[in-house]
Structures are given as structure tokens and as C-alpha cells.
Amino acid sequence: MAATRPSGPATPETLAAQVLGVLWFVSVTTGPWGAAAIAAAGGEETLRCEDLKLGQYICKDPKINDATQEPVNCTNYTAHVPCFPAPNITCKDFGGNETHFTGNEVGFLKPVSCRNVNGYSYKVAVALSLFLGWLGADRFYLGYPALGLLKFCTVGFCGIGSLIDFILISMQIVGPSDG
């Protein structure tokens, strides 16, 4: 016995259910999980390791520089930490090679935001401000060459600017120009 469709116009609820069903099917077969299913079934498409879902990989914590309290090897406001795909995951590593991971191999490098800090010392800045502030050495050291030159030419604004800078640097109101 064959099922018959009603010959009348489709209701909005029926159309909505059909559209949702089609959208669900398309998202499952074309999204990252669909690509994983195709790869598991022997298909040609394999996920890149960067596209793995949270829980399918673990990343190490970045190494922190004790002096700057920022990640080591920070360039262009980004540091990279190694990430390890979970055991029995197959994906394309950062070299583009399809690899079956055991959990001990690096699959990709995850970018971590950081500040570029050149390692200025607070103690050196205060000492320069106290002893050579009238020459602008403190401002040159902190990366403000224009103000350093101005203080040099005016002998620290006749001493008043040196005193103000010493207070500002001591209270850490003025810091390195790179933040």
C-alpha cells in the first residue's frame, strides 16, 4: 500500500520542516564533521588540523618570560604555541601532510596574542631619571627621543621637568613607549 500525499496546498509548517531538513542535511555533509565522515569513509577530503573542534586537540601553555611577563618569542603581537591532536585523529598537519596522530605529535601552531616588550627595566628608568634626567636620558631610554632631546636642550626644563619626570616614572605613570 503506497502512501499518498495530500493534493492540496502545503501548509507553512510542512514547508518549514522540509526546508530545515534539507538545511540540516547540507550542513552535516559539507561542514567540518561531514568532512571527517567523508575521510573516515575513505573519501578524499581530510580536515586541516587547524579546523579541529575544541576537545579534539590540546595546546601547551606558552613559555612566559619572567622579566616581561609576556610569552617568549613574541613577534608582531603574536606568539605561537604547539597544539597536539587527540589520539586516533587524522588530519593535515601544518606541512599539508595527512597524518594519523597518536597524541604526541604537534599538529599545528596556535597563535596567542601578546605585547611586544623590549625588556625595559623599571629600576634603570628610575635611576636614569634621578641622576641623568636633566640630560633627558630617562626619556631616551623609555623610547621618547623627541622629549629626551627637548629635555637635553633645555637642561631638563631648568630642573622642573626633571623633577616632574622623576615623580611620573617612579609612580609608573610614564612607562616604555611600546606599552
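Counting heavy atoms of neighbouring residues, nucleotides and ligands inside a 6.0 Å radius, atom CD1 of Ile160 does not exceed 12 of them.
Hydrophobic clustering, with ILVMFWY side chains joined whenever heavy atoms are under 4.5 angstrom apart, groups Tyr141 together with Val155. In the hydrophobic cluster analysis, where Ile, Leu, Val, Met, Phe, Trp and Tyr join through side-chain heavy atoms closer than 4.5 angstrom, Tyr144 is grouped together with Leu135. A continuous path of Ile, Leu, Val, Met, Phe, Trp and Tyr side chains, each step under 4.5 Å between heavy atoms, connects Trp134 with Ile167, placing both in one hydrophobic cluster.
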(Q) Walk me through whether Ile64 and Val72 qualify under side chain to side chain contact (heavy atoms under 4.5 Å, CB included). (A) CA-CA 6 Å; Ile64 303 295; Val72 176; over 6 Å; no
Q) Do Phe101 and Tyr57 pass the ring pair (Phe, Tyr, Trp, His ring centres under 6.0 Å) test, and can you show the C-alpha distance, the side-chain angles, and the key distance before you say yes or no? A) CA-CA 10 Å; Phe101 290 93; Tyr57 64 90; over 10 Å; no
Q) Do Phe152 and Arg139 pass the side chain to side chain contact (heavy atoms under 4.5 Å, CB included) test, and can you show the C-alpha distance, the side-chain angles, and the key distance before you say yes or no? A) CA-CA 10 Å; Phe152 178 78; Arg139 289 295 185 150; over 6 Å; no
Q: Would you check, one step at a time, whether the test side chain to side chain contact (heavy atoms under 4.5 Å, CB included) holds for Gln56 with Ile89?
A: CA-CA 8 Å; Gln56 291 182 321; Ile89 295 272; 4.2 Å; yes
Q: Output, in order, the C-alpha distance, side-chain angles, deciding distance and verdict of side chain to side chain contact (heavy atoms under 4.5 Å, CB included) for Leu142 and Ser177.
A: CA-CA 6 Å; Leu142 293 174; Ser177 63; over 6 Å; no
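Under the 2.5 Å SG-SG cutoff, Cys49 and Cys83 do not qualify as a close cysteine pair.
Judged by distance alone, with hydrogens and angles left aside, the side-chain atoms of Tyr122 form a donor-acceptor pair with the main-chain N or O of Ser170 at under 3.5 Å. Looking at Thr90, its side chain never comes within 3.5 Å of a backbone N or O of His100 through a donor-acceptor pair. Judged purely by atom type and a 3.5 angstrom limit, Gln172 has no side-chain atom pairing as donor or acceptor with the backbone of Ile169. At distances below 3.5 Å, at least one donor-acceptor pair connects side-chain atoms of Thr99 with backbone N or O atoms of Asn97.
You'll find the side chain of Phe157 stays beyond 4.5 Å of the side chain of Ile164, heavy atoms only. Contact check for Phe84 versus Asn104: no side-chain heavy atoms found under the 4.5 Å cut-off. Residues Val112 and Thr78 are not in side-chain contact: their nearest non-hydrogen atoms beyond the backbone lie 4.5 Å or more apart. Residues Leu168 and Met171 form no side-chain contact, since every pair of their non-hydrogen atoms from C-beta on lies 4.5 Å or further apart. Side-chain atoms of Leu149 and Phe140, non-hydrogen and from C-beta on, do get closer than 4.5 Å to each other. Looking only at side-chain heavy atoms (C-beta outward), Asp61 and Val81 stay at 4.5 Å or farther from each other.
Separation of atoms CG (Leu163) and CG (Leu130) is listed at 10.5 Å; rounding is to 0.5 Å. Note that the CG atom of Leu128 and the OG atom of Ser121 stand 9.5 Å from one another [nearest 0.5 Å]. Summarising the geometry, atom OG belonging to Ser113 is positioned 12.0 Å from atom OH belonging to Tyr77; distances are rounded to the nearest 0.5 Å. Rounding to the nearest 0.5 Å places SG of Cys114 at 9.5 Å from CG of Asn73. Interatomic distance, CZ of Phe108 versus CZ of Arg48, reported as 10.5 Å (0.5 Å rounding). Here Ile58 contributes atom CD1 and Lys110 contributes atom NZ; the two are 11.0 Å apart, rounded to the nearest 0.5 Å.
Listed by first and then second residue, the side chain to side chain donor-acceptor pair (under 3.5 Å) pairs involving residues 147-160 are Asp138-Lys151, Lys151-Asp165 (not counting sequence neighbours).
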